[in-house]
Protein chains: 2
Amino acid sequence: MSSPAQRRTTIKDVAEMAGVGVATVSRVLSGGSASAETRERVLDAATKLDYRPSALGRNLRQQRSGGIALLVPDITDNFYARLADGVLSCARSYREPVTIGVTGDDPEQEADLVGSLLEQSMDRVIAVPSGDGEMWAPALRAGLSVVFADRRVWRDPAPGQQRVLDEVPAVLADDRAGVRTAVEYLTGLGHRKIGFLARHGQTQRTRAFRTAMGELLDEELVVPARASRDSAYAAASGLFQRRPDITAVLTGDNMLGEAAVLAARELDVRIPRDLSLVMFDDVPWAELCSPPLTVVAQPAQDIGYRAAELVMRQGRRPKTVMLPTQLIIRGSCGPRR
Amino acid sequence: MSSPAQRRTTIKDVAEMAGVGVATVSRVLSGGSASAETRERVLDAATKLDYRPSALGRNLRQQRSGGIALLVPDITDNFYARLADGVLSCARSYREPVTIGVTGDDPEQEADLVGSLLEQSMDRVIAVPSGDGEMWAPALRAGLSVVFADRRVWRDPAPGQQRVLDEVPAVLADDRAGVRTAVEYLTGLGHRKIGFLARHGQTQRTRAFRTAMGELLDEELVVPARASRDSAYAAASGLFQRRPDITAVLTGDNMLGEAAVLAARELDVRIPRDLSLVMFDDVPWAELCSPPLTVVAQPAQDIGYRAAELVMRQGRRPKTVMLPTQLIIRGSCGPRR
DNA sequence: AATTCTGATGGAATCGTTTCCATGAGCAGT
DNA sequence: ACTGCTCATGGAAACGATTCCATCAGAATT
């Protein structure tokens, strides 16, 4: 039924054909020293046999499987998909495979995934963290090198752990500046009652919003949502009904933006006439909406790419990389009526 | 600098602690036969030492690394992201890691990726194939079990290879029915001059369109595009300018749908007044468009899930699985003016 | 000429698991 | 009591690479 399952050609075959020892073959192939003549004979035999070193053997010996693991909350979210694409594209240039896991923004699932990563002896992880310090500290101690992307862990009860987590490099979009720019743009248009829809875990953005609003802040206009479409819609719809006096809203991500557009349409709130909308993250459909959505664009692909670069350069661990956001003005904001 | 790098606990440690041989530990842990008393002692030691078998050792021994590889053209495309999500969710229940590669719809990159898969001794692949039979036959001969998703390979010059490729299971959306339903819907509204925007590689859908149109078919209204945003836009814009007499258009995927919406807006073609639009694939933003887009929905997540199920059940290889599509009528189609 | 040094080379150990095989104990059937 | 049978069990081989270490030849130094 199945194929005759031809035996793989191993390093031994190459050694035999070239008339040298396996050690020499290994050295030649991994750039060690060898005489020109030997090198040629080995290379010749290798190509002739179409030899490809088995990653399995290498991995076992080196006690670590190559490759990069990537943990994202939701791969169907365009932002994380672009982030993943960035990781993939950098990893490709290193010829490293990428294993992807989705956490659903759930610390428990995340812990579970990290566990199976360790089982696989993966030692390079890029994560959009959902869990807190308590969850990541053991992983670090287990020897894997982690880079955070898009978020970093914030809550951290035990004092000893803070240090180890500060050592974790992170690649972030400049949330603070992004939020500030958006808020300033809206206040510049005359808006005073500005809502903020944020997902749990978007601590940085929420904090930045509070700061940027200053004395205009109305705590009742800051509504949290869980990481699901339903929860996002409920948050948006609830806010619009509870406080029909708001004239502008900023959403912490594109799912909440989608929810806001839908809820506004449902409640017959016109954008931008009745409500100005700024959404975090410039997804392709932002331009297709009518009106096209004004957004705070994040370099999602770059975030992924840079994170992958960082996780590959194990040696020197640079500080956090902060990438700029950009306010892209389209048609979803108008002056306060 | 880095952690003290504590040695991993191995099966040997467990054997020692339980006072048995390593073979016995292995048997107990993988469900072999053992006396009740021994089993308990081993299990006890294993939990006490927090032992997790190293996937590396196992993989080398079994000559295959576990896990599933997934090859998609573009992970930022919502359709493939949902497909990937389905694979991920099935794989999780088997506790199998998933390695993702993007092919960019380029046979060369695809071949490259398959090569590195073999290097990793991956033997389970789910692929949205870009290359033809010549490219996949060697991979099959090398012993990996492949499941195609969304597409299957069609062109196949050598007669001997046809058979082996027919043996590859595939999980597909019912393109033919989907296209037929859409075309019937449009003709039912009175449309006669219907355009079709398709990407290269969407052979099945193109063929189905030709069949469904019957004698209404105008070959000039069938325009191919390459797999890029620019090419998609050029195709849509070109069609609309060249043939202002068309009253309806069907797009072969969501990127072309996006391009059609944009091009129509740019050329001041109103939807649905001047042009009715049906798009393949129900992406979330289809509902956000105005008017909301009428679409042929595909069960992307299911396709991925089923493909993963198939690739896990190595034994019996079922025939092709065909999943239904569904026409979701929203607001982008109107009667012919 | 004797010595030291350098660089190439191959044998063998090693990584952690699974699995083959031999051993021995216990038990039932004759 | 002897044979045959079924189990549980542990030792050891195997997987395929890397790398330590010893060896050896030839060149350079004394």
Side-chain angles (χ1 to χ4, degrees), chain A residues 5-43 45-46 49-67 95 116 118-123 142-143, chain B residues 5-43 45-46 49-67 95 116 118-123 142-143:
Chain A
Q6 50 196 351
R7 203 177 58 82
R8 202 190 161 101
T9 69
T10 73
I11 198 172
K12 215 168 158 186
D13 302 322
V14 178
E16 207 163 308
M17 180 167 196
V20 299
V22 289
T24 306
V25 176
S26 174
R27 263 186 305 252
V28 168
L29 261 36
S30 49
S33 68
S35 75
E37 194 223 335
T38 311
R39 157 161 291 121
E40 189 174 349
R41 275 224 312 281
V42 169
L43 257 29
L49 292 172
D50 188 33
Y51 167 67
R52 315 215 176 204
S54 152
L56 259 38
R58 190 202 336 261
N59 288 348
L60 178 57
R61 175 59 223 241
Q62 327 216 81
Q63 292 282 72
R64 57 195 218 78
S65 77
R95 311 209 92 246
S116 68
L118 290 180
E119 211 159 299
Q120 304 285 330
S121 300
M122 288 248 164
D123 60 349
Chain B
Q6 49 196 350
R7 205 177 57 81
R8 207 192 157 99
T9 70
T10 75
I11 198 174
K12 216 170 159 187
D13 301 323
V14 178
E16 208 163 308
M17 181 166 193
V20 298
V22 290
T24 305
V25 176
S26 174
R27 262 186 306 253
V28 168
L29 261 34
S30 48
S33 67
S35 76
E37 195 226 333
T38 310
R39 157 163 290 120
E40 189 175 348
R41 276 224 313 283
V42 169
L43 256 29
L49 292 172
D50 188 34
Y51 168 67
R52 323 256 215 129
S54 151
L56 259 36
R58 184 197 344 252
N59 289 347
L60 177 56
R61 174 61 223 245
Q62 325 215 83
Q63 291 283 72
R64 57 195 219 74
S65 77
R95 309 208 95 243
S116 66
L118 291 179
E119 212 158 297
Q120 305 284 330
S121 300
M122 287 248 162
D123 58 350

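The chains referred to below are lettered A, B, ... by the order of the sequence lines, with proteins before strands, and numbering in each begins at 1.
Nucleic acid contact class of B/L60 (heavy atoms, under 4.0 Å, all strands): base. Residue-level contact check: A/T38 touches the backbone only, with heavy atoms under 4.0 Å from sugar-phosphate atoms and none from bases. Across all strands, A/G21 comes closer than 4.0 Å only to sugar-phosphate atoms, never to a base (heavy-atom distances). Counting any heavy atom pair closer than 4.0 Å across all strands shown, B/A23 reaches a base atom.
Distance alone, capped at 3.5 Å, is enough to place a donor-acceptor pair between the A/R8 side chain and the A/R52 backbone. Using modelled atom types, one side-chain atom of B/D13 and one backbone atom of B/T10 make a donor-acceptor pair closer than 3.5 Å.
Nearest to the side-chain atoms of B/A34 among the listed nucleotides C/dG16, C/dT18, D/dT9 stands D/dT9.
The residue among B/G57 and B/G19 whose nearest nucleotide of DNA chain D lies closer to the 5′ end is B/G19.
In this model, the phosphate group of D/dC7 is not approached by any side-chain N or O of B/S33 to a distance below 4.0 Å at OP1 or OP2. Close to D/dA17, at under 4.0 Å from its OP1 or OP2, lies no side-chain N or O of A/S26. Within the 4.0 Å cut-off from OP1 or OP2 of C/dT18, at least one side-chain nitrogen or oxygen of B/R58 is found. Close to C/dT9, at under 4.0 Å from its OP1 or OP2, lies a side-chain N or O of A/S35.
Atom CD of A/E119 has more than 12 neighbouring heavy atoms from other residues, nucleotides or ligands inside a 6.0 Å radius.
Ion pair B/E16/B/K12 not flagged as a salt bridge, since none of the NZ, NE, NH1 or NH2 atoms sits closer than 4.0 Å to an Asp/Glu carboxylate oxygen.
Per the geometry, CZ belonging to A/R52 stands 16 Å off C1' belonging to D/dG16, to the nearest Å. Rounded to whole Å, atom C1' of D/dA8 lies 12 Å from atom CZ of B/R41. When rounded to the nearest whole Å, the span between CG of A/N59 and C1' of D/dT18 equals 12 Å. Whole-Å rounding puts the B/R64 CZ to C/dT18 P distance at 12 Å. Between B/Q62 atom CD and C/dC20 atom C1' the separation is 15 Å, expressed in whole Å. Computed from coordinates, the B/R27 CZ to D/dG11 P distance equals 11 Å when rounded to whole Å. Rounded to whole Å, the distance from CD1 on B/I11 to C1' on D/dG10 is 12 Å. In this entry the distance linking CD of A/E40 with P of C/dT9 reads 13 Å, nearest Å.
Donor-acceptor pairing under 3.5 Å, judged by distance alone, is present between the side chain of A/R61 and the base of D/dT18.
Across all non-hydrogen atoms, the minimal contact from B/V42 to B/L29 is CG1-CD1, 4.1 Å.
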